[in-house]
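Hydrogens, waters and symmetry mates are skipped; everything else that's a heavy atom, side chains included, is used. What you are looking at is a predicted structure, and each value in this text was computed from that prediction instead of being measured.
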Amino acid sequence: GNKPIFFINAFALGPWATGMNVSMSLVDVSILKSTGPDVKKIENTLNFFGPKYTYILAGYPPFLKTLIDNANVDWKKYDITAFYGGEGMSEGLRAYIGKAFKKIYGSYGASDLEINIAAENDFTISLRTLLTKNKALHKKIVRHGTLPMIFQYNPLDYYIETNPKGELIITLCRASNIAPKVRYNIHDLGHVMRFPELKSVLKECGLTV
């Protein structure tokens, strides 16, 4: 849109690396207010600055629900995109908080590795929603039984493997990192599926991209 971007960082601050890294990453590219997970501060911020901005509000999934349940804000007046990390989100919770936020996107990462390795987008969210309904597709894509989060990433920045236990092994490919990570295991279950492979699976299930 044409409105200026106002970023509200509701990740925990202080000693927590994610909240501080988000602040440092965005301070030069948008209007930024780092409130931490504080309902009253965010409520006051939105009511004071009003709906003249496009807001991006970043925080942990449980806090986003707490915020919309408790803040005295007329959410319909605002153009707010929610951005979450730290843990997964069910599609039920996404639908619930969708009454306040125009869009809800997740980021995959870890404070001890990198905070934004991969991200959701409209395609990955649609695919995940489809997995809740299409058993044939679920059987072909899902390897660990439960509904996974689905992200896309840049393979020029990260090389991602899976070990025999089904855990993601991640290597940062940029030589500029102060502390290089090579085959780093953060013990998250998952696997990589290349986009051409995914398109073939979708075609087998009568679906197209």
Side-chain angles (χ1 to χ4, degrees), residues 5 7 9 11 16-26 28-30 56-61 64 81-91 93-94 101 103-132 134 137-138 140-203 205 207-209:
I5 294 174
F7 198 104
N9 177 14
F11 285 116
W16 299 98
T18 298
M20 300 308 294
N21 284 335
V22 168
S23 292
M24 290 186 292
S25 299
L26 294 163
D28 294 329
V29 297
S30 68
I56 300 175
L57 198 156
Y60 307 106
L64 295 177
T81 292
F83 179 69
Y84 70 90
E87 59 184 84
M89 176 180 286
S90 69
E91 291 308 308
L93 179 57
R94 195 194 305 269
F101 306 128
K103 295 280 187 178
I104 302 134
Y105 298 111
S107 168
Y108 175 72
S111 294
D112 55 335
L113 182 58
E114 196 156 83
I115 63 169
N116 190 36
I117 294 167
E120 287 186 318
N121 53 50
D122 292 332
F123 171 74
T124 65
I125 293 169
S126 297
L127 177 60
R128 188 169 189 249
T129 302
L130 190 59
L131 289 179
T132 66
N134 190 314
L137 185 63
H138 189 281
K140 288 179 178 291
I141 291 179
V142 179
R143 296 184 184 176
H144 300 289
T146 58
L147 182 67
M149 301 301 301
I150 302 176
F151 304 98
Q152 287 187 297
Y153 72 99
N154 184 353
L156 296 178
D157 284 333
Y158 309 98
Y159 182 68
I160 303 179
E161 309 165 79
T162 304
N163 69 11
K165 294 181 179 179
E167 299 168 328
L168 296 176
I169 308 295
I170 300 174
T171 298
L172 272 60
C173 299
R174 298 188 305 279
S176 59
N177 281 70
I178 295 174
K181 299 293 193 302
V182 178
R183 305 201 77 239
Y184 192 82
N185 186 354
I186 54 178
H187 300 287
D188 284 337
L189 295 176
H191 68 278
V192 172
M193 178 175 281
R194 297 181 66 235
F195 198 70
E197 181 186 356
L198 174 61
K199 287 202 295 184
S200 296
V201 170
L202 291 172
K203 188 175 180 181
C205 294
L207 302 163
T208 58
V209 177

Original post:
Between atom OG1 of T81 and atom CZ of F101, what is the distance when rounded to the nearest 0.5 Å?
Top reply: 9.5 Å
Original post:
Of all heavy-atom pairs between I170 and Y158, which one has the smallest distance, and what is that distance?
Top reply: CG2-CD2, 4.4 Å
**OP:** Drop me the distance from M89's CE to Y105's OH, to the nearest 0.5 angstrom.
**Re:** 13.0 Å
Subject >> C173 side chain near L156 side chain, heavy-atom distance below 4.5 Å >> reply: no
**OP:** Give me the ring orientation class for F195 and F123: parallel if the planes are under 30° apart, tilted from 30 to 60°, perpendicular past 60°.
**Re:** perpendicular
Original post:
At their closest point, which heavy atom of G88 faces which heavy atom of P61, and how far apart are they?
Top reply: O-CG, 3.7 Å
Original post:
Is the shortest heavy-atom distance from the side chain of I125 to the side chain of I104 under 4.5 Å?
Top reply: no
Original post:
Between Y153 and A118, which heavy-atom pair has the shortest distance, and what is it?
Top reply: CB-CB, 3.7 Å
Original post:
Which heavy-atom pair separates S107 from F83 by the least distance, and what is that distance?
Top reply: CB-CZ, 3.5 Å
Original post:
Looking at CZ of F11 and CG of L57, how far apart are the two atoms once the value is rounded to the nearest 0.5 Å?
Top reply: 9.5 Å
Original post:
Using a distance-only test with no angle check, is there a side-chain donor-acceptor pair under 3.5 angstrom linking E114 and Y184?
Top reply: no
**OP:** Flag the pair T208 / L202 as yes when at least one side-chain heavy-atom distance between them is below 4.5 Å, and no otherwise.
**Re:** no
**OP:** Drop me the distance from L127's CG to I141's CD1, to the nearest 0.5 angstrom.
**Re:** 5.0 Å
Subject >> Value rounded to 0.5 Å, distance of CD1 in I56 from CD1 in I5 >> reply: 5.0 Å
Subject >> Step-by-step salt bridge (charged side-chain N to carboxylate O under 4.0 Å, His left out) determination, K103 to D122 >> reply: CA-CA 9 Å; K103 295 280 187 178; D122 292 332; 3.5 Å; yes
**OP:** Please assess L207 against N134 for the test side chain to side chain contact (heavy atoms under 4.5 Å, CB included), listing each intermediate value before the final yes or no.
**Re:** CA-CA 11 Å; L207 302 163; N134 190 314; 4.1 Å; yes
**OP:** Give a yes or no on whether K140 atom NZ has more than 12 heavy-atom contacts from other residues, nucleotides or ligands under 6.0 Å away.
**Re:** no
Original post:
Got F7 and N9 here, is their nearest side-chain heavy-atom distance under 4.5 Å?
Top reply: yes
Original post:
Are any of the side-chain heavy atoms of L131 and I150 separated by less than 4.5 Å?
Top reply: yes
Original post:
Between M149 and E120, what is the shortest heavy-atom contact and its length?
Top reply: CE-OE2, 3.3 Å
Subject >> Exam field: side chain R128 to backbone P148, donor-acceptor pair closer than 3.5 Å >> reply: yes
Original post:
Around R194, counting heavy atoms of other residues, nucleotides and ligands shown, do more than 12 lie under 6.0 Å from its CZ?
Top reply: no
Original post:
Are T162 and L168 close enough that some pair of their side-chain heavy atoms sits under 4.5 Å apart?
Top reply: yes
**OP:** Looking only at non-hydrogen atoms, find the nearest pair between V142 and T146 and report the distance.
**Re:** CG1-O, 3.3 Å
Subject >> Residue pair L189 / E167, side-chain heavy-atom distance below 4.5 Å >> reply: yes
Original post:
Less than 4.5 Å apart, any side-chain heavy atom of D157 and any of I117?
Top reply: no
**OP:** Can you measure from NE2 (H138) to OG1 (T132) and round to the nearest 0.5 angstrom?
**Re:** 8.5 Å
